[in-house]
Asker: 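Please find one structure pasted underneath; my questions will follow.
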Amino acid sequence: MESRDMSVMDHIGELRRRIMIVVVFFLIALIAGFFFATPLITYLQSAPTAQELPMNAFKMTDPIRVFMTFAFASALILIFPIILYQLWAFISPGLHENEQKATLAYIPIAFILFLTGISFAYFILFPFIIQFMGNLAERLNITEQYGINEYFTFLFQITLPFGLLFQLPVVVMFFTRLGLVTPAYLSSIRKYAYFVLLVIAGFITPPELLSHLMVTVPLLLLYEFSIWVSRLTYRKVLKAERLMEEEAKQKEMNQD
């Protein structure tokens with residue numbers, strides 16, 4: 001059904017259908033997550049960042065809470081491409097055929113960037129923060145006794161936001177394709193975007209300059225990369241528009 005022929009109730013029904021598909025796949029992935037949770041927890045506990053940290057369960061519900069958190073997180077990561085596809089399928093009727101094909105190709109790119117963001121946060125940023133916290137505790141003569149729930153909650157608070165932040169190039173590419181933003185506009189708001197990214201970095205990292213820079217610099221580079229991606233996409237959009245105009249003129253000349 002074409003988007004312009006759909007009523008408000010049709011759009012609501014279509015959205016409900018897409019959400020139900022995501023829920024069904026999530027439940028299936030959650031079952032798989034129950035099998036992945038224990039090996040993942042064991043692997044992360046044996047990682048260098050966690051080996052020297054004494055982890056304790058301060059509440060009786062901590063083990064099951066950690067287990068369920070990993071099961072849910074695993075399920076969400078597994079169905080992330082499906083979520084993106086259902087989002088694309090919901091808005092695709094309002095796009096031209098060439099826009100549908102182009103934006104569909106963004107899904108694997110978005111998933112790769114999501115995994116890249118998580119990997120960057122876990123393998124580079126997270127060990128540095130753990131080391132910084134450990135050195136600070138040693139200087140203050142504080143004995144570290146971490147709860148396993150607090151450790152893994154902190155791990156997810158660091159890694160998952162980076163998976164989402166690394167979607168910035170894809171979002172910019174998509175909005176540029178739809179004509180909602182341009183490279184010139186992104187360049188004009190650069191200082192405001194930098195400020196927002198600085199604030200986000202401040203929320204993610206501890207109050208320490210070096211760790212803040214480790215987060216801020218990649219985010220700023222990511223924004224500049226997004227502007228470059230927008231330029232490439234914008235050129236393709238202009239080229240496609242020129243070709244369509246030439247084809248339309250050619251058809252008019254043939255009709256005459």
Asker: Inspect the surroundings of CD in Glu150 and state if more than 12 heavy atoms from other residues, nucleotides or ligands are less than 6.0 Å away.
Answerer: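 Enclosed.
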Asker: Between the side chain of Ser230 and the main-chain N/O of Ser226, is any donor-acceptor distance below 3.5 Å?
Answerer: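 No: the side chain of Ser230 does not pair with the backbone of Ser226.
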Asker: When the aromatic ring centroids of Tyr122 and Phe162 are compared, is their separation below 6.0 Å?
Answerer: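 Ring-ring flag for Tyr122/Phe162: false, centres at least 6.0 Å apart.
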Asker: Group every Ile, Leu, Val, Met, Phe, Trp and Tyr by side-chain heavy-atom contacts under 4.5 Å, then state whether Leu222 and Tyr185 land in the same group.
Answerer: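 They do share one cluster, since a chain of ILVMFWY contacts under 4.5 Å joins Leu222 to Tyr185.
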Asker: Can you confirm whether Ile77 sits close enough to Leu115 that some side-chain heavy atom of one is under 4.5 Å from a side-chain heavy atom of the other?
Answerer: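 Yes; the side chains approach each other to less than 4.5 Å.
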Asker: Just how far is it from atom OG1 of Thr233 to atom CZ of Arg177, taken to the nearest 0.5 Å?
Answerer: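 The distance works out to 6.5 Å.
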Asker: Report yes or no: do Trp228 and Val217 belong to one cluster of Ile/Leu/Val/Met/Phe/Trp/Tyr joined by side chain heavy-atom distances under 4.5 Å?
Answerer: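 Looking at the clustering, Val217 is in a separate group from Trp228.
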Asker: Determine the interplanar angle of the Phe126 and Tyr151 rings, folded into 0 to 90°, and report it as parallel if under 30°, tilted if 30 to 60°, perpendicular if over 60°.
Answerer: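 Geometry flag for Tyr151 against Phe126: perpendicular rings.
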Asker: Evaluate Phe225 against Leu168 for side-chain contact (heavy atoms from CB on, under 4.5 Å), listing each step before the verdict.
Answerer: CA-CA 9 Å; Phe225 176 71; Leu168 182 59; over 6 Å; no
Asker: Can you establish whether the number of heavy atoms outside Phe25 located under 6.0 Å from its atom CZ is more than 12?
Answerer: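 Atom CZ in Phe25 is not packed in, count stays at 12 or less.
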Asker: In sequence, state the C-alpha distance, the side-chain angles, and the governing distance for Val172 and Leu186, and then conclude on side-chain contact (heavy atoms from CB on, under 4.5 Å).
Answerer: CA-CA 9 Å; Val172 168; Leu186 294 173; 3.4 Å; yes
Asker: With side-chain contact (heavy atoms from CB on, under 4.5 Å) as the criterion, how do Phe26 and Ile82 come out once you've worked through the C-alpha distance, each side chain's angles and the decisive distance to 0.1 Å?
Answerer: CA-CA 9 Å; Phe26 174 76; Ile82 296 172; over 6 Å; no
Asker: Tell me whether Ile28 shares a hydrophobic cluster with Phe111, the cluster being built from Ile, Leu, Val, Met, Phe, Trp, Tyr side chains joined at under 4.5 Å.
Answerer: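 Different clusters: Ile28 never reaches Phe111 through Ile, Leu, Val, Met, Phe, Trp or Tyr contacts under 4.5 Å.
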Asker: How about Phe90: does its CZ atom have over 12 heavy atoms from other parts shown lying under 6.0 Å from it?
Answerer: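 Count over threshold, so yes.
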Asker: Would you call Ile148 and Gln45 a side-chain contact if the rule is heavy atoms closer than 4.5 Å?
Answerer: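 Answer yes - side chains close enough.
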Asker: For residues Ile64 and Phe34: do they belong to one hydrophobic cluster (side chain heavy atoms under 4.5 Å, members Ile, Leu, Val, Met, Phe, Trp, Tyr)?
Answerer: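 They do share one cluster, since a chain of ILVMFWY contacts under 4.5 Å joins Ile64 to Phe34.
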Asker: Rounded to the nearest 0.5 Å, what separates atom CZ in Phe174 from atom CG in Leu180?
Answerer: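 Interatomic distance, Phe174 CZ to Leu180 CG, rounded to 0.5 Å: 8.0 Å.
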Asker: Ring centroids only, cut at 6.0 angstrom: are Phe166 and Phe114 within range, meaning strictly under it?
Answerer: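 Not under 6.0 Å, so no.
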Asker: So, taking the atom named CD1 in Ile118 and the one named CG in Leu164, what distance separates them when rounded to the nearest 0.5 Å?
Answerer: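 The CD1 atom of Ile118 sits 8.0 Å away from the CG atom of Leu164.
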Asker: Looking only at heavy atoms, which two atoms of Leu44 and Ala50 are closest? And how far apart?
Answerer: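 Here Leu44 and Ala50 meet closest at O-CB, 3.3 Å.
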Asker: With a 4.5 Å cut-off on side-chain heavy-atom distances among I, L, V, M, F, W and Y, is there a chain of contacts connecting Val171 to Ile112?
Answerer: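 Looking at the clustering, Ile112 is in a separate group from Val171.
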Asker: For the residue pair Phe70 and Phe152, categorise the inter-ring angle as parallel (less than 30°), tilted (30 to 60°) or perpendicular (more than 60°).
Answerer: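 The rings of Phe70 and Phe152 stand perpendicular, inter-plane angle above 60°.
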Asker: Do Glu224 and Tyr194 get their side chains close enough for a donor-acceptor pair, meaning under 3.5 Å?
Answerer: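 The answer is yes; a qualifying pair exists.
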Asker: CD1/Ile83 to CD1/Ile107 distance, rounded to the nearest 0.5 angstrom?
Answerer: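 Between atom CD1 of Ile83 and atom CD1 of Ile107 there are 11.5 Å.
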Asker: Do you know which two heavy atoms are closest between Gln167 and Leu113, and how far apart they sit?
Answerer: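 Nearest pair, atom of Gln167 first, then Leu113: NE2-C, 3.8 Å.
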Asker: For the residue pair Met214 and Phe120, what are the closest heavy atoms and their distance?
Answerer: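 Closest approach of Met214 to Phe120, heavy atoms only: O-CZ, 3.8 Å.
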Asker: Is the side chain of Asn135 donor-acceptor paired with the backbone N or O of Phe132 at a distance under 3.5 Å, no angle test?
Answerer: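 Side chain of Asn135 to backbone of Phe132, a donor-acceptor pair under 3.5 Å: no, none is there.
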Asker: Closest approach of Phe58 and Gly147, non-hydrogen atoms and distance?
Answerer: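 Smallest heavy-atom distance, with atoms named: CE1-N, 3.2 Å.
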Asker: Are any of the side-chain heavy atoms of Ile158 and Leu125 separated by less than 4.5 Å?
Answerer: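 Yes, side chains in contact.
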Asker: More than 12 heavy atoms of other residues, nucleotides or ligands under 6.0 Å from CZ of Phe35: is that the case?
Answerer: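 Check fails, neighbour count at 12 or below.
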Asker: So do Trp88 and Leu84 actually touch side chain to side chain, heavy atoms under 4.5 Å?
Answerer: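 With C-beta onward as the side chain, the pair stays apart.
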Asker: Evaluate Val199 against Phe203 for side-chain contact (heavy atoms from CB on, under 4.5 Å), listing each step before the verdict.
Answerer: CA-CA 6 Å; Val199 172; Phe203 278 111; 3.5 Å; yes
Asker: Once you round to the nearest 0.5 Å, how far does OG1 of Thr116 lie from CD1 of Ile109?
Answerer: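 Here the interatomic distance stands at 11.5 Å.
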Asker: Could you give the distance from CZ (Arg190) to CD1 (Ile227), rounded to the nearest 0.5 Å?
Answerer: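 Separation between the atoms: 4.0 Å.
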Asker: What do you reckon, is OH of Tyr234 surrounded by more than 12 foreign heavy atoms closer than 6.0 Å?
Answerer: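 Result for OH/Tyr234: open.
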Asker: What is the minimum heavy-atom distance between Pro127 and Ala121, and which atoms define it?
Answerer: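 Answer, listing the atom of Pro127 first, then Ala121: CD-O, 4.4 Å.
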Asker: Quick one, Thr176 and Arg231 - any side-chain contact, counting heavy atoms below 4.5 Å?
Answerer: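 Thr176 does not reach Arg231 side chain to side chain.
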Asker: What heavy-atom pair brings Val22 and Gln86 nearest, and what distance separates the two atoms?
Answerer: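 Closest approach of Val22 to Gln86, heavy atoms only: CG2-CG, 3.7 Å.
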